[in-house]
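Written out below as structure tokens is the structure these notes cover.
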Amino acid sequence: MTGGAEQRQRSRTLRISLAILAGLMFAGFFALGTWQVYRLQWKLALIERVDQRVHAPAIDAPTVAQWPLVSAETDEYRHVRITGTYLPGADTLTLASLDRGIGYWVLTPLCTADGGIVMVNRGFVPAGAGGWRAQPAPPKVQADACGTLAESSPAPSTVSGLLRLSEMASSLRKNEPARNYWYTRDTRAIAEARGLPAVAPYFIDADAASAAAANLPVPGETAVPVGGLTVVSFVNNHLVYALTWYGLALMVVAAAVWVVRDARRSKQEGVNGES
């Protein structure tokens, strides 16, 4: 094989390799863009579904028998109502940061007629000048606290609000039950720390009227919990991501076209030079 033929063979191999690489890059970028389009459709459907739930008339919250069926797909942010009796002295304050400042969500157990316990987020109280701090842990309640409470025949409370699934602690911010320091509204962990029996796998963000009607003081706090502050917001950048991936795919096509044209021009110039 002559030197010229060998050079042409290497050039042909390089062009084939570049073409394969460009094809793979185009397919990958195009697939990622299409995936983001599907994600966009899913997110828009989720936003519409949640918006319908939030503004729908309140329905009865899932009962103890229905707890195993509760899921984010079917129940998250559903407008619900529930009737029961607040268990006094068992509040849990979880850290909260809102537009109105830093403070705490006040979670209080609600004993229901079917023998269950549902945690109710009665609202937000500000942290004050001292900022967040570990709160004194209330004493553990008796296992039959709800039964004992029922014997005194307290007036029941009807709570309406949004159903929220129990939150899980992240690897970066873990709850510290020993210090009574709570980052997330983890109903199971809170129940264990308070000595409560099994509680619902969800909690209810009480609306403003329900929070005000509770008229239940928060130990160590002078402010009254303000309800109805649930932030219903979803990040939706999928259209931007899709356009970015599709743009990269078009750039690959443009680069491939430029390379092909440049190779043809160089080849033509070589032919003209020989002649």
Side-chain angles (χ1 to χ4, degrees), residues 40-88 90-92 94 96 98-100 103-125 146 149-150 153-168 184-188 190-191 196 198-216 218 224-236:
L40 173 63
Q41 295 172 346
W42 169 82
K43 184 61 70 66
L44 292 176
L46 172 65
I47 293 173
E48 181 180 3
R49 183 168 64 249
V50 168
D51 185 69
Q52 291 176 351
R53 291 176 182 175
V54 169
H55 296 97
I59 61 174
D60 292 336
T63 62
V64 174
Q66 296 170 324
W67 286 358
L69 304 178
V70 174
S71 68
E73 182 69 22
T74 59
D75 299 289
E76 184 83 45
Y77 293 105
R78 193 175 294 282
H79 190 194
V80 299
R81 62 174 176 268
I82 193 170
T83 299
T85 306
Y86 283 114
L87 193 59
D91 295 318
T92 299
T94 64
L98 307 179
D99 291 340
R100 57 179 60 200
Y104 308 93
W105 296 119
V106 181
L107 268 68
T108 306
L110 185 78
C111 301
T112 59
D114 61 351
I117 297 178
V118 176
M119 302 298 291
V120 175
N121 176 16
R122 295 198 288 123
F124 173 84
V125 292
C146 286
L149 183 65
S153 301
S157 300
T158 297
V159 179
S160 62
L162 301 182
L163 186 151
R164 305 290 307 281
L165 292 189
S166 177
E167 298 173 344
M168 302 299 293
T184 61
R185 292 167 286 187
D186 186 337
T187 59
R188 178 178 297 179
I190 292 174
L196 296 169
V199 298
Y202 63 87
F203 61 92
I204 296 175
D205 276 345
D207 58 25
S210 298
N215 194 26
L216 193 65
V218 181
V224 177
V226 178
L229 299 179
T230 306
V231 178
V232 183
S233 177
F234 299 94
V235 177
N236 186 10

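Just so it is clear, the structure is predicted and the values come from calculations on it, not from any experiment.
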- Message: Is the shortest side-chain heavy-atom distance between Arg164 and Asn121 below 4.5 Å?
- Response: no
- Query: Does some side-chain heavy atom of Thr108 sit less than 4.5 Å from a side-chain heavy atom of Leu87?
  - Reply: no
- Item | Side-chain touch Glu167/Thr94, heavy atoms, less than 4.5 angstrom | no
- Query: So, for Arg122 and Ala206, which heavy atoms are closest and what is the spacing to 0.1 Å?
  - Reply: CA-CB, 4.4 Å
- Side chain proximity check, Phe124 to Tyr104, heavy atoms < 4.5 angstrom: no
- Shortest non-hydrogen contact from Val70 toward Asp75: CA-OD2, 3.3 Å
- Heavy-atom side-chain contact between Met168 and Asp186 under 4.5 Å: yes
- Ignoring hydrogens and geometry, is there a side-chain-to-backbone donor-acceptor pair from Tyr202 to Pro62 under 3.5 Å? yes
- Query: Is the closest side-chain heavy-atom distance between Trp105 and Leu229 below 4.5 Å?
  - Reply: yes
- Task: For residues Trp67 and Thr63, report the shortest heavy-atom separation together with the two atoms involved.
- Result: CD1-O, 2.8 Å
- Heavy atoms, side chains only, cut-off 4.5 Å: are Val232 and Tyr77 in contact? yes
- Looking only at heavy atoms, the pair that brings Val64 and Pro68 closest together is O-CD, 3.9 Å
- All heavy atoms of Ala72 vs all of Leu165, minimum pair found to be N-CD1, 3.3 Å
- Message: Can you pull out every salt bridge (Lys or Arg N to Asp or Glu O under 4.0 Å) where at least one residue sits in residues 50-73? Sequence neighbours excluded, please.
- Response: Arg49-Glu73, Asp60-Arg81
- What closest approach, in Å, do Ser166 and Thr187 show between heavy atoms, and which atom pair accounts for it? OG-N, 3.0 Å
